[in-house]
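Here is the structure we will look at.
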Amino acid sequence: MSSQSLNNNCPNCGNELGALLVRTRMIDCDACGTTVFLQDGVFKNAGQRGEMHDTQMLFGLKDTVRILEERYYIAGHVRYSYGRGWWDEFWAVKGNGDGVWLSIDEGDVVSQRSLPKQDHPPEDTFLYVGETVTVQGQLFTATEVSTAECMAFRGEFPEILHVGEKYRFINYTSEHGALLSGEITDDDALWFIGTWIDPFDVKKDQSH
Amino acid sequence: MTRASELTAINCTNCGAGLDVLGGGRVVSHVCGYCGSVLDAQHDYKVLKQFTDMPRPTTPFRIGMSGVINGVEFTIIGTLGKREDYRGRTWLWTDHQLFSPTHGYAWLTVENGHFVFTRKMREQPNQSWISSDLVEMSDYPPVAWFKGKSYKYFSTTTGRTVFVEGEFNWLPEVGDQNTAIALMSDDSMLRYVDGKTEREIELSTYLPFEETCTAFGLETENFQRDVHPLQPFTGSGNKAFVRKVFLGFAAISLFASVIFLMLPGTLLLSEPDIPDPSLPRIFEFQIENPDQLTQISIRSNVSNNWAAYTLELTDPKGETVFDTFRQTSYYHGREGGENWTEGSQRANIRFRPTEAGTYKLNLDREDGSVETRISVSVRSNITTSLWTFLAMGFFGIAALFIPNGKTRHNSKRWAKSDWSDD
Amino acid sequence: MNLFRIIILAGSTFAFGGASYLSYSGVWRESRDAAQSVRVGSSGGGYNSSGRIK
């Protein structure tokens, strides 16, 4: 696993945070529960990591999973609230350091990677169900628009998360089953593109 | 969406009956099994409607039962009674809605004592949709390719919901109707389901009866009455084995026949080019292995003529073994541009000597025979391919008459297909 | 390998073996006029070997 070498101790309690993955920008401290983010090579305190209730999951943090032909190390786990319930997102890293977001909601598994800036839908996208956009040559139709709140997270992440942070999200589906998701806050928009994964195709490595 | 609260039971907001909450966050309706009220699971279980006089379907499963299917534990959270009427015939089956916190929602269908596991597929087959109209218009059974398997059109069914109970991740109604176009591979069924509000693609696989009963803690007698289209072949393979053995022995017998046909025997005497006028003459030969078939051959040079010979054989004791005659006659010519021949220049006599020793053959020419030159040979250990050839026939025909269990099973699986070439 | 298969295999081997033995011995391929049973001119043995029939 690719890792970066830093003097990486928790700025709150001094606990050794261990070797970090290449794209990690944020990590939580197992000892004190503080989350820290990396800025200009220095760790800074980012607040609390929230409470993660134990639930039955397809896989968990630090598991190695095989999805079809690819192996992933589950580096980070975020739980988003949806009002009446929640769903889980996992930052899953491949051997070469690249990663995907695995979004899991009661057996619905989606693998998505970050959409390059130049492919983002126009900023004046209206965010309503039924809206269509064309991304990377595929026509997508919006199927769901709602608000999510970050409830808790554990592990390492390629982006900075804050417990309690809210954003609007929009999910689009293409004719061929591809999925496009937008996470929109007042000052930023993150877009992801990917596909459905059959939960029966996800195999947890037993050696872990 | 995973359900946030640890809600495990509610009271029916219509009749007050206690109802277990077993499904996940995407359950939208809960139908009370006591009063038939449809409760809105996402809005404080308010009563949406009520169904009465629903015929309870026959099924060994009950809501709340859990069992492991394909390595994943599922709980039965709902029951649907389904019915199809077509040309005066009625089919009944039961669909149970299943839920697993890790693998989501699925169906367990009970039909004629067979159990089938069905899941909604998010990935798309190469044929993203097949409609009844397409099936009607097709000259060939529609085919699709999904997850490395090919599927061929099997049937179109239109099921009507006649009973609802429990939790569902949609809103079922008595009288709901949906049409499913089913395509089948060797072991699974791909269904294009055209429902009330959406189109779905489902994949069904067969669940073994005993294993599934054990997994769900059922003690049910096997009540299967027919071969289900998805049922795998579970024959012992004995018939296939016998076929293979018989075909193998047929091949070995053919090989042995060729060998026996080619074996020349042991040459005991060879007298070539004897002029007829030297006859009668006595030939002597030694038999070392009695009881082996021995053959005396005479070959004459007759051409468009005949020559007959008397043969008298005496054994070592001087007793006559046989006293008989053989004729060689050979005619040939050309007629209508084609060559023809008739008869043979060769004549044989085969006998089985009973003791070892010197045998004497007295050979003479019959009166009236043309004068020619002959050769005489005697061979022992003469074999025949007759018996091994018969054995080949026996094994080959027997193999043809053994039904291939797997082929028959597969034709039973496909027998219920409603495809017709018209 | 179950008993049924063993019986089938043994039976087939026996049938093939028998057929091979008959073929090797050339059974039923004797000329009809040279077979012992229709031996021509056999005088037989024993005291009544003169060929006369009492």
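Given the structure is predicted, the values throughout are model-derived calculations rather than measurements. The basis for the numbers below is simple: all heavy atoms, side chains too, and nothing from hydrogens, waters or symmetry mates. Reminder, nothing fancy here: chain letters follow the sequence lines and each chain counts from 1.
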**Report entry** C:Phe4 atom CZ: more than 12 heavy-atom contacts under 6.0 Å
**Finding:**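 Yes, because the 6.0 Å sphere around CZ of C:Phe4 holds more than 12 heavy atoms from other groups.
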Requested in this report: Decide if atom CZ of B:Phe255 counts as having more than 12 heavy atoms of other residues, nucleotides or ligands within a radius under 6.0 Å.
Outcome: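 Atom CZ in B:Phe255 is not crowded, with 12 or fewer foreign heavy atoms closer than 6.0 Å.
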Query raised in the report: If you tally heavy-atom pairs under 4.5 Å against chain C, which of B:Thr384, B:Leu311, B:Thr383, B:Leu263 wins?
Result: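 If we count pairs closer than 4.5 Å to chain C, B:Thr384 comes out on top.
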Report task. Taking heavy atoms only and a threshold strictly under 4.5 Å, list by residue number the residues of residues 280-300 of chain B that touch chain C; give 'none' if the list is empty. Result ->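 So far as heavy atoms go, B:Gln292, B:Leu293 are the residues that approach chain C to under 4.5 Å.
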So for [X], is it side chain, backbone, both, or neither that comes closer than 4.5 Å to the heavy atoms of chain C?
{"X": "B:Ile349", "result": "both"}
{"X": "B:Phe394", "result": "neither"}
{"X": "B:Ser385", "result": "backbone"}
{"X": "B:Ile259", "result": "neither"}

Report task. Return each pair, listed once, that meets side-chain hydrogen bond (donor to acceptor under 3.5 Å, both in side chains) where at least one residue sits in residues 360-371 of chain B; pairs must be two or more places apart or across chains. Result ->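 The answer is none; no pair qualifies.
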Query raised in the report: If you measure from CG on B:Asn301 to CZ on B:Arg373, what distance do you get to the nearest 0.5 Å?
Result: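 Result: 8.0 Å between the selected atoms.
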**Report entry** B:Phe249 CZ to B:Thr388 OG1 distance, which is reported to the nearest 0.5 Å
**Finding:**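 Here the rounded value is 13.5 Å.
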Query raised in the report: Is the backbone of B:Arg346 close enough, under 3.5 Å, to the side chain of B:Ser344 for a donor and an acceptor to pair up by distance?
Result: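 Such a contact is found between B:Ser344 side chain and B:Arg346 backbone.
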Query raised in the report: Which residue pairs pass the ring pair (Phe, Tyr, Trp, His ring centres under 6.0 Å) test when at least one of the two sits in residues 362-390 of chain B, sequence neighbours left out?
Result: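 Listed once each, the pairs are B:Trp387-C:Trp28.
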Query raised in the report: Any salt bridge (Lys or Arg N to Asp or Glu O under 4.0 Å) pairs touching residues 235-251 of chain B, not counting sequence neighbours?
Result: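 Qualifying pairs: none.
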Query raised in the report: Between B:Tyr206 and B:His228, how do the two ring planes meet: parallel, tilted or perpendicular, split at 30° and 60°?
Result: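 It falls in the tilted class, 30° to 60°.
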Query raised in the report: Which bit of C:Tyr24 is near chain B, if near means a heavy-atom gap under 4.5 Å: side chain, backbone, both or neither?
Result: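 When you check distances to chain B, atoms from both the backbone and side chain of C:Tyr24 fall under 4.5 Å.
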